[in-house]
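Everything below concerns the one structure shown next.
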Amino acid sequence: MQDLIVKNVDVMGDSIKAAKDTAGNIWVGVRWVCNALDMTEGQTKRQIMNIQKDMVFEKVGSNQIPLPTDGGIKEVFCIRHDFIPLWLAKISITEKTREERPEFAKKLMQYQLKAKDILADAFSPINNIAFNQICNPSEISLGELASYLKIMDRIAHRQNLAPHKIAENFKKVSAQFGVELTEDFVKAPEYEQLTLESLGK
């Protein structure tokens with residue numbers, strides 16, 4: 001699988017290896033999640049085996065992804081991030097486990113509820129853009145740039161931003177991605193309409 005965006009994502013204090021493919025799917029290393037939940041090697045292998053045998057995950061929920069590890073780039077068994085709650089919900093916690101390992105039971109529930117969204121946010125276009133430096137266009141896909149510009153436009157309209165201000169922001173972002181727009185791209189009005197509220201300030 002080519003053109004992966006690979007990250008170590010902080011999930012509630014744990015470093016989880018994940019990758020986003022060109023189709024927008026986010027793949028999460030199962031072993032890293034198991035390590036975060038303090039599972040033994042045997043428990044980790046059993047979880048991987050359970051996912052591989054499960055028909056729900058077999059078609060679209062799991063995959064082998066080349067990821068950097070301590071031993072170099074290796075094919076790593078991964079689960080799609082939106083399948084994480086379903087996978088973790090299948091891990092049964094007995095009353096004995098709750099009594100003997102209360103922190104494990106609590107953390108497992110937190111991962112069920114929060115991990116999917118934390119991983120999605122980590123790969124969102126806004127978090128992938130460094131605003132304080134010029135970006136290399138080759139490192140950012142056109143799809144991610146388009147997604148970010150749509151979000152920015154939506155926020156600007158919600159804020160009732162003037163059209164020329166929206167155009168100024170668009171031009172600034174374009175410049176960061178190496179896209180030079182003409183000087184007359186921003187059509188500033190000859191006068192700006194003032195409200196009674198602004199006149200009173």
Side-chain angles (χ1 to χ4, degrees), residues 1-71 73-129 140-141 143-144 146-148 150-152 154-155:
M1 191 174 290
Q2 302 296 320
D3 301 324
L4 291 172
I5 300 173
V6 180
K7 286 187 175 185
N8 290 317
V9 181
D10 187 318
V11 180
M12 294 176 285
D14 303 307
S15 182
I16 304 296
K17 186 82 70 177
K20 183 177 181 180
D21 63 25
T22 53
N25 298 308
I26 298 171
W27 300 99
V28 183
V30 171
R31 182 171 292 277
W32 279 271
V33 177
C34 291
N35 289 342
L37 294 173
D38 199 27
M39 292 186 187
T40 65
E41 181 64 20
Q43 290 170 332
T44 298
K45 289 181 178 178
R46 187 159 59 249
Q47 286 304 315
I48 292 175
M49 189 180 302
N50 290 344
I51 295 171
Q52 289 173 329
K53 290 180 177 179
D54 196 314
M55 291 180 63
V56 175
F57 304 114
E58 186 180 12
K59 297 296 182 183
V60 294
S62 61
N63 209 338
Q64 293 282 351
I65 307 292
L67 293 177
T69 69
D70 293 338
I73 302 294
K74 293 184 178 180
E75 291 285 325
V76 175
F77 184 75
C78 295
I79 188 170
R80 217 172 69 187
H81 86 290
D82 49 336
F83 281 81
I84 288 178
L86 179 60
W87 160 42
L88 297 180
K90 290 174 178 282
I91 301 176
S92 59
I93 303 177
T94 63
E95 192 63 36
K96 183 179 179 181
T97 302
R98 285 194 177 91
E99 292 175 359
E100 295 180 352
R101 300 182 63 195
E103 289 302 316
F104 167 74
K106 181 181 178 181
K107 194 169 189 179
L108 179 63
M109 183 176 292
Q110 289 178 331
Y111 263 68
Q112 288 176 2
L113 297 173
K114 300 177 182 179
K116 175 175 74 73
D117 293 332
I118 293 173
L119 287 156
D121 288 344
F123 285 91
S124 69
I126 290 177
N127 288 331
N128 284 333
I129 295 174
I140 305 294
S141 70
E144 288 184 319
S147 296
Y148 172 71
K150 285 180 182 178
I151 294 171
M152 187 179 74
R154 189 159 60 242
I155 293 172

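FYI, side chains are in, hydrogens and waters are out, and symmetry mates aren't considered; it's all heavy atoms of this structure.
Between the Arg31 side chain and the Thr44 main chain, no donor and acceptor come within less than 3.5 Å of each other. Formation of a donor-acceptor pair under 3.5 Å by the Lys107 side chain with backbone atoms of Ala36 is found in this model. Formation of a donor-acceptor pair under 3.5 Å by the Lys74 side chain with backbone atoms of Thr69 is not found in this model.
Residues Trp32 and Val76 have side chains in contact (heavy-atom distance under 4.5 Å, counting atoms from C-beta outward). Using a 4.5 Å cut-off on side-chain heavy atoms (C-beta onward), Pro68 and Lys17 make contact. Contact annotation: the side chain of Tyr111 never approaches that of Ile91 to less than 4.5 Å [non-hydrogen atoms, C-beta and beyond].
Of all heavy-atom pairs between Val9 and Ala18, the closest is CG2-CB, 4.4 Å. Residue Thr97 comes nearest to Phe104 through the heavy atom pair CG2-CD2, 3.9 Å, listed as atom of the first residue, atom of the second, then distance. Heavy atoms only, all atoms of each residue included: Lys20 and Gly24 are closest at CE-CA, 3.8 Å. Here the closest heavy-atom approach between residue Leu88 and residue Gln112 is recorded as O-NE2, 3.0 Å. Smallest separation of non-hydrogen atoms from Ile93 and Arg98: O-NH1, 3.2 Å. Taking all atoms of both residues into account, the shortest heavy-atom contact from Ala19 to Val6 is CB-CG2, 4.0 Å.
Each of Leu67, Val30, Ile65 was compared with Phe77 under the side-chain contact (heavy atoms from CB on, under 4.5 Å) criterion, and only Val30 meets it.
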_Trace of the side chain to side chain contact (heavy atoms under 4.5 Å, CB included) decision for Arg80 with Asn63_ = CA-CA 8 Å; Arg80 217 172 69 187; Asn63 209 338; over 6 Å; no
*List the steps and the verdict of side chain to side chain contact (heavy atoms under 4.5 Å, CB included) for Ile84 and Leu119.*
CA-CA 10 Å; Ile84 288 178; Leu119 287 156; 3.6 Å; yes
*Determine, stepwise, if the pair Ile79 / Val33 fulfils side chain to side chain contact (heavy atoms under 4.5 Å, CB included).*
CA-CA 10 Å; Ile79 188 170; Val33 177; 5.9 Å; no
_If you apply the rule side chain to side chain contact (heavy atoms under 4.5 Å, CB included), what do you find for Arg101 with Asp38, and how did you get there?_
CA-CA 11 Å; Arg101 300 182 63 195; Asp38 199 27; 4.1 Å; yes
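When the ring pair (Phe, Tyr, Trp, His ring centres under 6.0 Å) test is applied to Phe57, the partners found at least two apart in sequence or on another chain are Phe83. Residues satisfying the salt bridge (charged side-chain N to carboxylate O under 4.0 Å, His left out) criterion with Asp10, sequence neighbours excluded, are absent altogether.
The line from CG of Asp117 to OG of Ser124 is 11.5 Å long, rounded to the nearest 0.5 Å. Put simply, CD on Glu100 and OG1 on Thr94 are 7.5 Å apart, with the number rounded to the nearest 0.5 Å. The CG atom of Leu113 sits 9.5 Å away from the CG atom of Leu108 when rounded to the nearest 0.5 Å. How far CZ of Phe123 is from CG of Asn25: 11.5 Å, rounded to the nearest 0.5 Å. Atoms CG and CG, from Asn8 and Asp14 in turn, are 12.0 Å apart once rounded to the nearest 0.5 Å.
For Met12, the CE atom counts as densely surrounded, since its 6.0 Å shell holds more than 12 non-hydrogen atoms of other residues, nucleotides or ligands.
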Could you give the side-chain donor-acceptor pairs of residues 47-54 under 3.5 Å, partners two or more places apart or in another chain?
| from | atom 1 | to | atom 2 | distance (Å) |
| --- | --- | --- | --- | --- |
| Gln47 | OE1 | Trp87 | NE1 | 2.9 |
| Asn50 | ND2 | Arg46 | O | 3.3 |
| Asp54 | OD1 | Val56 | N | 2.9 |
| Asp54 | OD2 | Lys90 | NZ | 3.3 |

